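So the structure is just underneath, and the comments pick up after that.
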Amino acid sequence: MALYDHALPQVYGYLLARCGRRALAEDLTAETFLAAVTACRRTPPPAPSTGWLVGIARHKLVDHWRAAERERRGLRAVGSEPHPPDDPWDERLDALLARQVLDEQTGMHRAALTLRYLDGLPVPEVARALGRTVGATEALLVRARAAFRRSYAALGGGGDR
């Protein structure tokens with residue numbers, strides 16, 4: 001119980017900072033702790049820690065992005081992809097613009113950029129988290145950065161970033 005009380009704000013904060021939506025962060029936090037309980041029932045049980053729980057949260061977030069990307073592809077296939085909501089603050093605050101641009105990226109691009117640049121993971125760890133080779137992950141990051149730059153410039157954020 002002490003680990004839960006200590007880790008809950010850190011796990012929730014980690015998820016909220018990366019997904020930007022409270023309801024989603026709450027759902028993923030719940031999924032994280034359920035997965036941790038399941039893992040602790042295995043033999044031998046893992047050594048639970050806050051870092052371990054954040055690692056589970058990272059995997060839950062990547063799984064969410066993968067599922068969202070599959071859904072987006074399905075919607076595009078039938079020609080009814082929903083339009084992203086407009087946020088009037090995007091023109092004023094660079095951080096909100098960057099978040100919007102990140103949200104518009106494909107699930108794989110968003111996952112790779114988040115793991116590499118927000119979480120600060122080295123490329124081999126990003127590759128492991130995404131289930132890809134290091135070379136494929138490096139290529140993915142090149143494409144993801146280029147797509148981010150294009151979207152950022154198109155939304156008025158300048159093109160030199």
Side-chain angles (χ1 to χ4, degrees), residues 7 9-36 39 46 49-78 80-87 89-90 93-161:
Q10 293 182 351
V11 170
Y12 174 74
Y14 170 86
L15 291 165
L16 182 60
R18 278 141 186 88
C19 72
R21 298 192 332 247
R22 287 181 185 218
L24 177 58
E26 289 169 1
D27 290 346
L28 293 173
T29 298
E31 288 180 29
T32 297
F33 282 95
L34 286 173
S49 68
T50 301
W52 176 70
L53 289 166
V54 169
I56 293 172
R58 178 181 298 129
H59 288 285
K60 292 295 176 186
L61 187 57
V62 168
D63 290 345
H64 166 75
W65 284 333
R66 285 180 178 156
E69 181 59 25
R70 281 192 301 272
E71 183 177 334
R72 264 173 88 174
R73 279 194 306 262
L75 290 172
R76 277 194 303 262
V78 295
S80 62
E81 182 175 11
H83 298 290
D86 290 329
D87 188 347
W89 291 98
D90 287 341
L93 300 174
D94 193 48
L96 290 176
L97 177 60
R99 178 168 302 283
Q100 179 184 358
V101 170
L102 188 62
D103 287 345
E104 291 174 356
Q105 302 306 302
T106 66
M108 267 308 197
H109 284 184
R110 186 172 44 241
L113 292 170
T114 298
L115 292 171
R116 179 69 181 108
Y117 299 106
L118 294 180
D119 292 352
L121 295 180
V123 174
E125 287 187 39
V126 174
R128 266 194 302 282
L130 297 177
R132 302 171 69 96
T133 66
V134 171
T137 302
E138 288 170 340
L140 174 65
L141 283 165
V142 167
R143 291 189 308 274
R145 285 190 303 263
F148 184 93
R149 257 186 243 110
R150 281 191 305 274
S151 296
Y152 191 84
L155 290 173
D160 295 334
R161 289 192 175 208

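Just so we're clear, the structure is a prediction, and the values are computed from it rather than from any experiment.
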Sequence neighbours left out, what passes side chain to side chain contact (heavy atoms under 4.5 Å, CB included) with A67? Give chain and number order. R70
Is there any side chain to side chain donor-acceptor pair (under 3.5 Å) pair reaching into residues 136-148, and which pairs are they, with sequence neighbours excluded? Y117-R145
Under 3.5 Å, which donor-acceptor pairs do the side chains of residues 118-134 form with other protein atoms, sequence neighbours left out?
from: D119; atom 1: OD1; to: R18; atom 2: NE; distance (Å): 2.4
from: D119; atom 1: OD1; to: R18; atom 2: NH2; distance (Å): 2.8
from: D119; atom 1: OD2; to: Y14; atom 2: OH; distance (Å): 2.6
from: D119; atom 1: OD2; to: R58; atom 2: NE; distance (Å): 3.2
from: T133; atom 1: OG1; to: A136; atom 2: N; distance (Å): 3.0

Exercise: identify the closest heavy-atom pair between W52 and A39: CZ2-CB, 3.8 Å
Would you say R22 and Y12 make side-chain contact, with heavy atoms under 4.5 Å? yes
Give me the atom names and distance for the closest heavy-atom approach of L141 to A112. CD2-O, 3.7 Å
Identify all side-chain donor-acceptor contacts of residues 24-36 below 3.5 Å with residues at least two apart in sequence or on another chain.
from: T29; atom 1: OG1; to: A25; atom 2: O; distance (Å): 2.7
from: T32; atom 1: OG1; to: L28; atom 2: O; distance (Å): 2.8

The reported gap from CZ in F148 to CZ in R110 (rounded to nearest 0.5 angstrom) is 12.0 Å
